[in-house]
Amino acid sequence: MTEIGTDIERAAALLSRGELVAIPTETVYGLAANALSSEAVLKVYTAKGRPAFNPLIVHVASAAEFSRYAEEVPELVMQLASRFSPGPLTFVLRKKAIIPDETTGGGNSVALRVPAHPIALELLQRLEFPLAAPSANPSGFISPVTAVHVQAQLAGKIPYVLDGGPCSVGIESTVIAVENDIVTVLRLGGIKVSDLQAVAPVVKFASAQSVNPASPGQLRSHYAPRTRLVLGNLNDLLQEHRAKRVAVLALGDFPPHENIVANAILSPTRNLDEAARNLFAALHRLDAAGADLILAEPMPEEGFGPAINDRLERAAA
Ligand code: AMP
Ligand code: MG
């Protein structure tokens, strides 16, 4: 039985016993476990069906804790953290031995983040250990942005979902590595590259490969609905698939067609922050609409556009 509730005390007790609890964060719901316990962390991989090489993000209550878990915390990391933590920015640093290999997918680096959700922070402050928490969905599928999404996808596999309402950012954190004053973006997400550029002198991008040693979890197929998703120009796609029952995912308005059985407009005013917030809920809803295909259009390449497109491309792969 998987229960949904708002009892932080109960969540803390379960986590302290080495159990899994789904927790709210501002990005997406996380499937949390004691990051210092190999045994607890292995349960996360089992519940998600996550490949063992895909490392977990370790959540802490404040950036002051980074040095407990990372060998070296560069000055630039603390500068970025003073600006963006708590928030959707994850730092990949060389790990200390206290972090078990299971948490980092066998690698010698650890990903650290301070979530900006009051319930997640209160929970972390009560606990004597940090929380390893990947998105609370089966590996490869659509990320959850409400407690009900978690329950629908992980029912029976975890005892408790801590409900903190819908996620305010709606896409995962931006993951960066910092070396010699150079920031390398390993995954696009909730902090825009332009915001990083305002603080860091040099911002680079990791090469896009299906298995990238610097970011082992960036698989080509991810965030995927069960219904096949096709990404492209909506007018062309609607023409091409006019004989099928389709669900449409659009940024703003789009032309009506008889064969559209469901649709989601991510932002009527074409605001990309709002689009990011609505993305995964829209995918969950369209996936449940019984369509033959989901047709989605790419977002403009500004603000959260690239981060949303990254997810749509993987959802289509
Ligand atoms: P998720 O928690 O499911 O959103 O995935 C977290 C992602 O963060 C992983 O798939 C990796 O791409 C990245 N990540 C986590 N830990 C590390 C690490 N130690 N080194 C590099 N990338 C990491
Ligand atoms: Mg995920």
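Keep in mind that the numbers below use all heavy atoms, side chains included, and drop hydrogens, waters and symmetry copies. Numbering of ligands and ligand atoms starts at 1, following listing order. Bear in mind the structure is a predicted one, so any value in this text is a computation, not a measurement.
- In summary, an N, O or S atom of Ser135 is located under 2.8 Å from the Mg ion (ligand 2).
- Of the residues listed (Thr25, Thr27, Leu31, Val28), the one engaging Ser135 in a side chain to side chain contact (heavy atoms under 4.5 Å, CB included) is Val28, and it is the only one.
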What verdict does the salt bridge (Lys or Arg N to Asp or Glu O under 4.0 Å) test give for Asp273 and Lys192, after you've listed the backbone C-alpha separation in whole Å, the side-chain angles of each residue and the deciding distance to 0.1 Å? CA-CA 10 Å; Asp273 289 35; Lys192 291 163 196 145; 3.2 Å; yes

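- Per-residue contacts place Asn54 under 4.0 angstrom from the following atoms of ligand 1 (heavy atoms of the residue considered): 9 (C), 10 (O).
- Checked by distance only, ligand 1 and Ser109 come closer than 3.5 Å through their nitrogen or oxygen atoms.
- Nearest-heavy-atom check against atom 4 (O) of ligand 1 across His222, Arg187, Lys95 picks out Arg187.
- Within the 4.0 Å heavy-atom criterion, neither part of Arg113 lies near ligand 1.
- With a 4.0 Å heavy-atom cut-off, ligand 1 is reached by no atom of Thr90.
- Residue contacts with ligand 1: Ser135 is included, with a non-hydrogen atom under 4.0 Å away.
- On a distance-only criterion, Thr104 and ligand 1 share no N/O pair closer than 3.5 Å.
- Near Pro134, with a cut-off below 4.0 Å to any heavy atom, the atoms of ligand 1 are 2 (O), 3 (O).
- Asn309 and Glu301 share a side-chain donor-acceptor pair at under 3.5 Å.
- With no hydrogens or angles considered, no side-chain donor-acceptor pair links Glu179 and Thr184 at under 3.5 Å.
- Applying the 4.0 Å criterion to heavy atoms of Ala111 picks out, from ligand 1, the atoms 15 (C), 16 (N), 17 (C), 19 (N).
- Sorted by first then second residue, the ring pair (Phe, Tyr, Trp, His ring centres under 6.0 Å) pairs that include residues 118-167, not counting sequence neighbours, are His149-His284.
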Could you walk me through whether Val183 and Lys204 pass the side chain to side chain contact (heavy atoms under 4.5 Å, CB included) test, one step at a time? CA-CA 6 Å; Val183 168; Lys204 291 187 179 175; over 6 Å; no

Test salt bridge (Lys or Arg N to Asp or Glu O under 4.0 Å) on Arg113 and Glu26; report intermediate values, then the result. CA-CA 12 Å; Arg113 177 168 106 81; Glu26 80 282 26; 2.7 Å; yes

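- Partners of Phe304 under the ring pair (Phe, Tyr, Trp, His ring centres under 6.0 Å) rule, at least two apart in sequence or in another chain, do not exist in this structure.
- Atoms of ligand 1 lying under 4.0 Å from any heavy atom of Ile57, numbered from 1 in the order shown and given with element: 6 (C), 8 (O).
- Close N/O approach between Glu172 and ligand 1 is not found [any backbone or side-chain N/O within under 3.5 Å].
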